[in-house]
There are 2 protein chains.
Amino acid sequence: MLKHNHDECIENALTAAQEICAARDTRFTPLRRRVLELVWVKHEPITAYEILDLLSEGQKRVAPPTVYRALDFLIEEGFVHRIESLNSFVGCSDPAHKHQGHFLICTKCSNVTEMNEQSLHDVIKAAAKANGYSYENSILEIAGICENCRN
Amino acid sequence: MLKHNHDECIENALTAAQEICAARDTRFTPLRRRVLELVWVKHEPITAYEILDLLSEGQKRVAPPTVYRALDFLIEEGFVHRIESLNSFVGCSDPAHKHQGHFLICTKCSNVTEMNEQSLHDVIKAAAKANGYSYENSILEIAGICENCRN
DNA sequence: TAGTGTCTTGATATTTTATAACTTTAAGGG
DNA sequence: CCCTTAAAGTTATAAAATATCAAGACACTA
């Protein structure tokens, strides 16, 4: 599949994270920055161990907790989402507003599209309520074929 | 939390599975039956290794592939759903109609409620289409507190 | 600027979850 | 009964995640 030049969106994501952390007084350390960068560089769901391998290139090999802790932070801050069905991670397309991610996953090219649709959230919350549950959070992962791959 | 007597629903699930397999000409072997029974006996999300431990009681320890293969079959037939966010498995409440499960998960008592609501499916399919994706399947897992636990 | 508490990262080991590959057993069709 | 194929057993290993303790960095303050 065609790859566009991601430099700009990577840069945007890093800058946004930096600013949000400054505003929240949380620490956007070099390690966390580097992990977020790797997530965006791949620009497809990336596993913790892929990140680990990339982080380790040209230096002493880092250990799994290093990666998982950085990911925990990035998820907590809302910069990264975990894709449960793939045991993988993707950059959040709207880090300014903390939210749970709802995703479309192309089974052909592996690309992931995040849906930031309030109406979908509303329907899901309503479904919880209709069944007597309070709502805390939700994951929605839809598998299908993206427009590109169908053409 | 209050536990009702599950004997009846376990029996129902096993009978239904037996009949469906007969109709489809697939093999509901003793092992598969036993694994499905264990899933229903717990009646909360159960992990593969919990099943493994239960299966192994009072006999030679079984190996992981035994359990995973049985689960693969049961999922394929639609008798069991996998809860991605918990790496666990639950019995399907409507095995007669193959479908993807949409779940409410109580974060307090761990009980899971399966939603069999066509309208929810429709909304999810529409969301895929609206974003240019064909629809293959989806997982929806909502975390919250169930009615029982809130009282 | 030395002291103190806290947050972050490093390091080691282990646990949990899942699959690959090959062998043996059992079921069902001619 | 023989043959084929599906299922289950066996051994080994891969993949994903976490527990625990130690060391370093930072930031406040006295």
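Every value quoted in this text rests on a predicted model; they were computed, and no experiment measured them. Each chain gets a letter, A, B and so on, in the order the sequences are listed, and its residues count up from 1.
By the rule that hydrophobic residues join a cluster once side-chain heavy atoms approach within less than 4.5 Å of another member, B/Leu74 and B/Trp40 end up as members of one cluster. Under a hydrophobic clustering in which Ile, Leu, Val, Met, Phe, Trp and Tyr are joined whenever their side-chain heavy atoms come within less than 4.5 Å, directly or via other members, B/Leu104 and B/Val39 fall into different clusters.
Nucleotides of DNA chain C with any atom under 4.0 Å from a heavy atom of chain B span, from 5' to 3', C/dT17 to C/dA27.
Straight-line distance from the CZ atom of A/Arg32 to the P atom of D/dA25: 16 Å, rounded to whole Å. Computed from coordinates, the B/Arg33 CZ to D/dA7 C1' distance equals 18 Å when rounded to whole Å. Between A/Leu86 atom CG and D/dA16 atom C1' the separation is 14 Å, expressed in whole Å.
Closest approach of A/Pro45 to A/Glu50, counting heavy atoms only: O-OE1, 4.3 Å.
Taken from CG in B/Leu36 to CD1 in B/Ile51, the straight-line distance is 9.5 Å, to the nearest 0.5 Å.
Residues from residues 48-72 of chain B placing a heavy atom under 4.0 Å of any atom in DNA chain D, listed by number, are B/Lys60, B/Ala63, B/Pro65, B/Thr66, B/Arg69.
Neither OP1 nor OP2 of D/dA15 sits under 4.0 Å from any side-chain N or O of A/Thr47.
Each of B/Phe89 and B/Arg27 was matched to the nucleotide of DNA chain C holding its nearest heavy atom; the match closer to the 5' end belongs to B/Phe89.
In this structure a side-chain-to-backbone donor-acceptor pair under 3.5 Å is missing from A/Thr107 to A/Ile145.
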Which donor-acceptor pairs under 3.5 Å do side chains of residues 86-94 of chain B form with protein atoms, sequence neighbours excluded?
residue : atom : partner  : partner atom : Å
B/Asn87 : OD1  : B/Arg82  : NH2          : 3.0
B/Ser88 : OG   : B/Leu86  : O            : 2.8
B/Ser93 : OG   : B/Glu114 : OE1          : 3.2
B/Ser93 : OG   : B/Asn116 : ND2          : 3.1
B/Asp94 : OD1  : B/His97  : ND1          : 3.1
B/Asp94 : OD2  : B/His97  : ND1          : 3.1

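In B/Asn151, the CG atom is crowded: over 12 heavy atoms of neighbouring residues, nucleotides or ligands sit closer than 6.0 Å.
Ring pair B/His99/B/His81: centre-to-centre distance below 6.0 Å.
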